[in-house]
Amino acid sequence: MSLIELSDQEIQRRETLKKLRDLGIDPYPAALYPVTHKSSEIKNNYKEGEKVVIAGRLMRRKVQGKASFGELQDADGRIQVYFNRDEICPGEDKSLYNDVFKKLLDLGDFVGVEGEVFKTQVGETTVSVKNFTLLSKSLKPLPLPKTDAEGKVHDAFTDPELRYRQRYVDLTVNPHVKEIFVKRTKLFTAMRNFFNDAGYMEVETPVLQSIPGGAAARPFITHHNALDIPLYMRIANELYLKRLICGGFDGVYEFSKNFRNEGMDRTHNPEFTAMEIYVSYKDYNWMMDFTERLLEHCAIAVNGTTEATFGEHKIDFKAPYKRVTMRQSIIDFTGFDIKGKTEDELREACKSMGIAVDDTMGVGKLIDEIFGEKCEGNYIQPTFITDYPKEMSPLCKEHREDPSLTERFELMVCGKEIANAYSELNDPIDQRERFEDQVRLAQKGDDEATEFIDQDFLRALEYGMPPTSGLGIGMDRLIMFLTNNPAIQEVLFFPQMRPEVFGAKKGPELNENEKLIFDLLAKAQKMDLNELKEQTGLSNKQWDKGVKGLAKHGLTKVTKEEDQLTIELV
RNA sequence: GAUUCCGUAGCUCAGCUGGUAGAGCAAUACACUUUUAAUGUAUGGGUCCAGGGUUCGAAUCCCUGCGGGAUCACCA
């Protein structure tokens, strides 16, 4: 990057950097800095006169002559620091205060401070600085949002594009954003602890798979050079976890980064995190109990309460949750009973409800459309929807009382699904037939159906899998609900975005029009302005921009005598 | 994919029916020894997203492109 592209303030900071080096101060020292306290420890456990060593970013500086206040921001928050000229510079030489502190430090610099804790007249806990060390120089000015006495934020850094692309800045200046990610980590920890306490084991399964299975979604495809085969990035980890149940574990779970090559919007990112857990000798009824206890536990761990606010809704994750069969749900909201209906009858019903259908849709898909259109959005409080039609659930066990249904539930919150669970299908012959049905659906044109048959998974089932219940939870969605964020981008550190274009800006060299004008003028050195314009044959706008551009580069000068405008090279 | 809104100083934003680009904070200089977003005075800082068009003249009007937001569609 050339200097010409730097802003005024960036150039100043680079000059400051040089001055520091000239004074023998290393702006990027290597040595460990012996921090003894965090800002929160000092503020929460105030001890008058305590000697502390702290470090962080200098985020505020207010000079008042021979004394100054500043604010240091560390991982926990901010603490005020007090610089007194004669404390820092006891002798004749006051340059450490006058020059280094006042002129060569900038907001955003990482600084280490040794000092003593005291309270100012206004009562603010403050560290009185005895000595300070520059730990890392900041060359770009940070946005500086400020909160006033009424809690109103001024100059907030809010542009989503800038915030997502430069999350490091977002995290530095927006403490509430940091809080979201602290909560996100608390959620993962709480869930992990809950599973571990129950005796289940965290495992890892492949991200690169030769058959993308376990869900209906478009995968990302890549290529392995040594094997010379296509590999897919996983869309789900279900089939691998079930193999491990076949292998004899009681319970296994994995926080799984999944990748789906589909649309992006405020609730969908190409990579997202799911949690899947499989527990042997259990069924979906047990899993419902387990799920509501899990979510209650997680809500408390994250927010300290089972209650959460999401937009206009107040949600309560306190167990137990309401349970409604899909059939009953559709009766409740449409008056239509799906039990025993043929594909044609269902298609007619959809049409009468104003739901768009086409010929590729089978019984399951049609029911799903009705539910999605008429029912789903109505469940605000956590609600289990149970007993899904068989066609929609190729990996789920047939219902013990009704062979057209499966033992499946989804957990709905605020009209969105956040969990999905089965009594897992473990009959290998049934499973093979369901896969084959899926292949037929895919051939019929249903792009949600799975077109691959995972033969190795079927082989595992043939050796035998104990009765098992499995649960999947969309972790991003769950944390959105727990932190009141309607956009998935807000709960991902680095949401996917179109790549930023760097270095595309033009340098100081002349553009085509400027060159044309310059070359013509170079022959004469000095010309009448209008004459030159005619010779170039440029449009008014192009001419105007070109001439202004040249003047800006300091190459030409226009002089006016009487009504005569003359242009000459400088 | 469709519709719609937005892109101006490091940050937040003004800028009317076209007429020399503005404010606050940040920066620079000077003064000030306990301040609470906000000390005073002075100063500097902009290819107004890019390219084209209309015009004597475009940040402003029109077209195209790029980037982003919102709504809808699709997708868990």
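By convention in this document, chain letters (A, B, ...) are assigned in the order of the sequence lines, proteins followed by strands, and residues within each chain are numbered from 1.
In the set B/rC32, B/rG67, B/rC25, B/rC32 carries the atom at the smallest distance from any side-chain atom of A/Val63. Minimum atom distance to the side chain of A/Pro143 is reached by B/rC11, of the listed B/rU12, B/rC11, B/rU34. Distance from the side chain of A/Met497 is smallest to B/rG68 among B/rG68, B/rA27, B/rC25. Comparing B/rU33, B/rU36, B/rC30 against the side chain of A/Lys103 picks out B/rC30 as the nearest. In the set B/rA27, B/rC25, B/rU34, the nucleotide with an atom closest to the side chain of A/Phe69 is B/rU34. Checking B/rU12, B/rA26, B/rC75 against the side-chain heavy atoms of A/Thr158 singles out B/rU12 as nearest. Of all nucleotides listed (B/rA76, B/rG45, B/rC74), B/rC74 comes nearest to the side chain of A/Asp265. Each of B/rA76, B/rG10, B/rC25 was ranked by its minimum atom distance to the side chain of A/Asn420; first place goes to B/rA76. For A/Glu262, whose side chain is taken as the heavy atoms from C-beta onward, the closest listed nucleotide among B/rU34, B/rC11, B/rC75 is B/rC75. When distances are taken from the side chain of A/His268 to each of B/rA27, B/rU34, B/rA76, the shortest belongs to B/rA76.
The separation between A/Glu373 atom CD and B/rC72 atom C1' is 12 Å, rounded to whole Å. Taking atom CD of A/Glu490 as the reference point, atom P of B/rG68 lies 15 Å away to the nearest angstrom. As rounded to whole Å, 13 Å separates atom P of B/rU34 from atom CZ of A/Arg85. Between the CD atom of A/Gln9 and the P atom of B/rA9 there is a distance of 13 Å, given to the nearest Å. Distance OH (A/Tyr97) to C1' (B/rA31): 12 Å, rounded to an integer number of Å. Taking atom CG of residue A/Leu162 and atom P of nucleotide B/rC6, one finds them 18 Å apart after rounding to whole Å. Residue A/Asp159 contributes atom CG, which lies 12 Å from atom P of B/rA9 at whole-angstrom precision. Protein atom CZ of A/Arg61 is 19 Å distant from nucleotide atom P of B/rU36, rounded to whole Å.
Checked by distance alone, A/Glu124 brings a side-chain donor or acceptor within 3.5 Å of a matching partner on the base of B/rU36. Interface remark: the A/Glu417 side chain does form a donor-acceptor pair with the B/rA76 base, using a distance-only criterion of under 3.5 Å.
For A/Phe384 and A/Tyr284, the ring centers sit 6.0 Å or farther from each other. In this structure, A/Phe494 has its ring center no closer than 6.0 Å to that of A/Tyr164.
Spacing between B/rU3 and B/rG46 at atom P, rounded to whole Å, works out to 39 Å. The separation of B/rG22 from B/rU60, taken at their C1' atoms, amounts to 15 Å, rounded to a whole angstrom. Comparing B/rG45 with B/rA21, their P atoms sit 14 Å apart, to the nearest whole Å. Annotation: B/rC63 and B/rC5 have their P atoms spaced 11 Å apart (nearest Å). Distance check on atom C1': B/rU28 versus B/rA9 gives 15 Å, rounded to whole Å. As rounded to the nearest Å, B/rU17 and B/rA23 have P atoms that lie 22 Å from one another. Nucleotides B/rG18 and B/rC72, compared at atom C1', are 36 Å apart to the nearest Å. Comparing the C1' positions of B/rG19 and B/rA38 gives a spacing of 36 Å, expressed to the nearest Å.
A/Lys51 NZ: 12 or fewer foreign heavy atoms inside a 6.0 Å radius.
Toward the 5' end of RNA chain B, the nearer of the two residues A/Asp155 and A/Thr16, judged by each one's closest nucleotide, is A/Asp155. The residue among A/Arg498 and A/Lys102 whose nearest nucleotide of RNA chain B lies closer to the 5′ end is A/Lys102.
Put simply, A/Arg266 has a side-chain N or O that comes within less than 4.0 Å of OP1 or OP2 on B/rU71. In terms of phosphate contacts, A/Arg165 brings a side-chain nitrogen or oxygen within less than 4.0 Å of OP1 or OP2 of B/rG68. Phosphate proximity of B/rU39 to A/Lys62: present, with a side-chain N or O under 4.0 Å from OP1 or OP2. Checking the phosphate oxygens (OP1, OP2) of B/rU36, no side-chain nitrogen or oxygen of A/Arg60 falls inside 4.0 Å.
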Could you go through the side chain to side chain donor-acceptor pair (under 3.5 Å) check for A/Glu424 and A/Ser469 one step at a time? CA-CA 5 Å; A/Glu424 299 296 335; A/Ser469 185; 5.8 Å; no
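Across all strands shown, B/rG24 forms a Watson-Crick or G-U wobble pair, both distances under 3.5 Å, with B/rC11. As the counterpart of B/rG19, B/rC56 is assigned, both hydrogen-bonding distances of the Watson-Crick or G-U wobble pattern falling under 3.5 Å.
With respect to A/Glu87 and A/Lys130, a salt bridge is recorded, a charged nitrogen being found less than 4.0 Å from a carboxylate O. Checked for salt-bridge contact, A/Arg57 and A/Asp74 miss the test: no charged N lies under 4.0 Å from a carboxylate O.
Note that A/Lys242 lies outside the cation-pi zone of A/Tyr278, set by a 6.0 Å cut-off to the ring centre and a 45° limit from the axis. For the pair A/Arg85 and A/Phe101, the NZ or CZ position fails the cation-pi test of under 6.0 Å to the six-membered ring centre and within 45 degrees of the ring normal.
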